[in-house]
Amino acid sequence: MSTRDIVFVALFAALTAALGLFPPVTLPVVGVPITAQSMGVMLAGAIAGATRGGAALALFVLLVCAGLPLMAGGRGGLGIVMGPGGGFVLTWPVAAFVIGFLYERNVRTLTAWKEALILVLGGVVLTYAVGIPWIAAVARVDLVKAAIGSAWFLPGDAVKVVLVVLIARTVRRAYPTLQAR
Amino acid sequence: MIEIRQVGHAFGERVVLRDLTLDLTERRIAVVGGNGSGKSTFARLLNGLLVPSRGHVRVDGLDTRRDGKAVRRKVGFVFQNPDNQIVLPGVAEDLAFGLRNLGLPKDEIARRVDEALHRYDLQALADHPAHLLSGGQKQLLAIAGVLAMAPDIIVLDEPTTLLDLRNKRRIAQAIDALPQRAILVSHDLAFLEGVDRVLVFDEGRVVIDDSPSVALPAYEAMMS
Amino acid sequence: MIPYVPGESPVHRCPPGRKILALVAAGTVLFALPRLDLALAAALLALAATGWLYRVAGIPGRLMLAQLRPLAWILAVLVLVQLALDGWQAGLLVTARLSALVLLAGLVTLTTRSSDLIEALQRGLVWAKPLGANPAKVGLAIALTLRFIPVLAAIAAEVREAQRARGLEGSLVALTVPVVVRMLKMSDDIAAAIDARSYDPDRG
């Protein structure tokens, strides 16, 4: 990684933290808060690409684990990873990498629909596949209940996907950063 | 001495510097010019942050293309916006950043950090988060961070542009007191009267190269 | 962003790596105990021990409570859920356990300079070297991240003001696009500034 890549990694880790400054909305029953923070995952993949985006989120999670209060609402520490939302948070680096990888693969042929599909795959399907069983294990509820509880976040996720498509397309026009893979 | 030989530079299609040949030896050199005149690009060539598309830049015989790292040790660089230059979160930590990169021993780093904090009245702020400093203090910190590395020459790219008048004066005094040779890119003509030489840039060329008493009035006439 | 309370207490002087390991160990133990009564006793003990450590470190009670404030919401919800499903003991367990862990994590942050924490993380990453991670680069990236968060927050506040003046407030797209574009442009300058101070990415 060049100095510039390191700066990129740090900037997207910081962006993810800064997105957590928007007030979170905590849904009852499951206790997993909805935040703008998971947009950082999608933006890192879509704008910084697979390697830098994945590294940015790995760095973010590492800092949260080290106890820095970077999660939405000023939370941090290993309690986050061990709490109900831990599965989602731990999947973020992989999700950012997958999103970045698919973006780089399709960089010449990206349509808004294709982008949305990539973001849903990496940012929603993948994270839920890990996050739901995790909730079931940590909060001592069965898988179906955990899945139903998590479904409450789907409308929020849909909004985030649309927002990221809009943001990524605009940013890419102003400042192209991705290289084809 | 900095030798600039037949230097031209372009970003893609856009030509920003054309065929410059200069020797820079004076203690204080000012570089002025309108927006887009090429003066910032020129400044970045002097310590190898940019390598020219054509020609050579040599600092005490070291070519910026071949010996970039060695050149950067000799030539310190202060940027316009200290927010983009302060690398570490704390004041003392940031001062130590460049020194650690030089591979200095720990006690030497501590000594130089202390000295820099004293020189710019930042002792009380050593453990302070850098982002809470005022604009003037941030620029002082940026200068201190470069100065602590003890370069032979310091290049400053519009270090006062973003500051209010009082802080402009403070930074101008700090620059004045630098023991090193300095090359100062600036729009604040009032602070340039005491320099030894003024280079006026226009469309990628040096159009005036003279003492401040001649060059500054000519530049003002040119811009009006 | 990261408060640091200077001091000379044993908690301050404890090497940061050991503090992080202690935190990991506490979290693991508190979540691993299978029986409710055992887990509850351990959680209450941990909470009491944490309070004692705050006193040893000389951290004022006000700052200690401030660590819990962001968690209050989630705790309230969790407690209600556990009360409804599992009874008061489970509710107490969840509260005590999370409070203890968050307070402990807060204590590490309050008593460790970020530079020391970063150095410890860097040293801890040596094992990841064969995987292609370069501890020196990770260290720089960590420091830069901490440096950028307040800068980004300031840019966001500034942009939000500008958008409010144009009647675009509340639009996350109108807020994020300028912040990201400015951030990307900034990155060129910052990379140059790091190189200008003789940083060598291939060293170490």
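Only this structure's heavy atoms are used, side chains among them; waters, hydrogens and symmetry mates stay out. The chains referred to below are lettered A, B, ... by the order of the sequence lines, with proteins before strands, and numbering in each begins at 1.
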Chain C contact via Leu88(B) - side chain, backbone, both or neither, heavy atoms under 4.5 Å: both
Per-residue contact mode, Ile86(B) against chain C (heavy atom under 4.5 angstrom): both
Pairing of Asp195(C) and Lys69(B) as salt bridge, 4.0 angstrom limit: no
Hey, is [atom1] on [X] packed in by over 12 heavy atoms from elsewhere, all under 6.0 Å?
| X | atom1 | answer |
| --- | --- | --- |
| Arg55(C) | CZ | no |
| Glu26(B) | CD | yes |
| Asn35(B) | CG | no |
| Arg18(C) | CZ | no |

Smallest separation among heavy atoms of Ala196(C) and Asn47(B), with atom names: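 Distance-wise, the nearest heavy atoms are CB-ND2, 4.0 Å.
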Nearest heavy-atom neighbours spanning Pro89(B) and Ala143(C): CD-O, 3.6 Å
To the nearest 0.5 angstrom, please state how far the [atom1] atom of [X] sits from the [atom2] atom of [Y].
| X | Y | atom1 | atom2 | answer |
| --- | --- | --- | --- | --- |
| Ser198(C) | Phe97(B) | OG | CZ | 9.5 Å |
| Asn84(B) | Ile194(C) | CG | CD1 | 10.5 Å |
| Leu146(C) | His131(B) | CG | NE2 | 11.0 Å |
| Asn81(B) | Asp189(C) | CG | CG | 7.5 Å |
| Arg197(C) | Gln85(B) | CZ | CD | 6.5 Å |

Asp83(B) side chain near Arg147(C) side chain, heavy-atom distance below 4.5 Å: yes
Close side-chain approach of Val87(B) and Ile190(C), heavy atoms under 4.5 Å: no
For chain C, the option from Ala92(B), Ala96(B), Gly98(B) that forms the most heavy-atom pairs under 4.5 Å: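 If we count pairs closer than 4.5 Å to chain C, Gly98(B) comes out on top.
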